[in-house]
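Small disclaimer: the values here were computed from a predicted structure and weren't measured.
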Amino acid sequence: MVRPTLVALAKRVPLIHFRKGGAGVPGAQTANQKLAGGPAIEDYELPARFARKPIDPEEAAYINNGGIPN
């Protein structure tokens, strides 16, 4: 009885069809590799709105001590 269910699962075809990309398309991996090869942006090159907010000494103490004391 287990065997017919395995055969039914093996014949299943997904209903979703993607337009671009995917594992079956040979050009998909090369396109991703081309994008990943660009130069990185350093943190000092970012605009001010994306900059990290400074950590005050009290917050740094909580981080270094493992959280809020009990």
(message) Quick check for you: to the nearest 0.5 Å, what is the distance between Asn64 atom CG and Glu59 atom CD?
(response) 10.5 Å

(message) Nearest 0.5 angstrom please: Tyr62 OH to Ile55 CD1, how far?
(response) 14.5 Å

(message) Other residues, nucleotides and ligands only: do more than 12 of their heavy atoms fall within 6.0 Å of CD on Glu58?
(response) no

(message) Check this for me: Ile63, atom CD1, are more than 12 non-hydrogen atoms of other residues, nucleotides or ligands nearer than 6.0 Å?
(response) yes

(request) Starting from the C-alpha separation in whole Å, work towards a yes-or-no answer on side chain to side chain contact (heavy atoms under 4.5 Å, CB included) for Tyr44 and Leu46. (result) CA-CA 6 Å; Tyr44 62 86; Leu46 291 173; over 6 Å; no

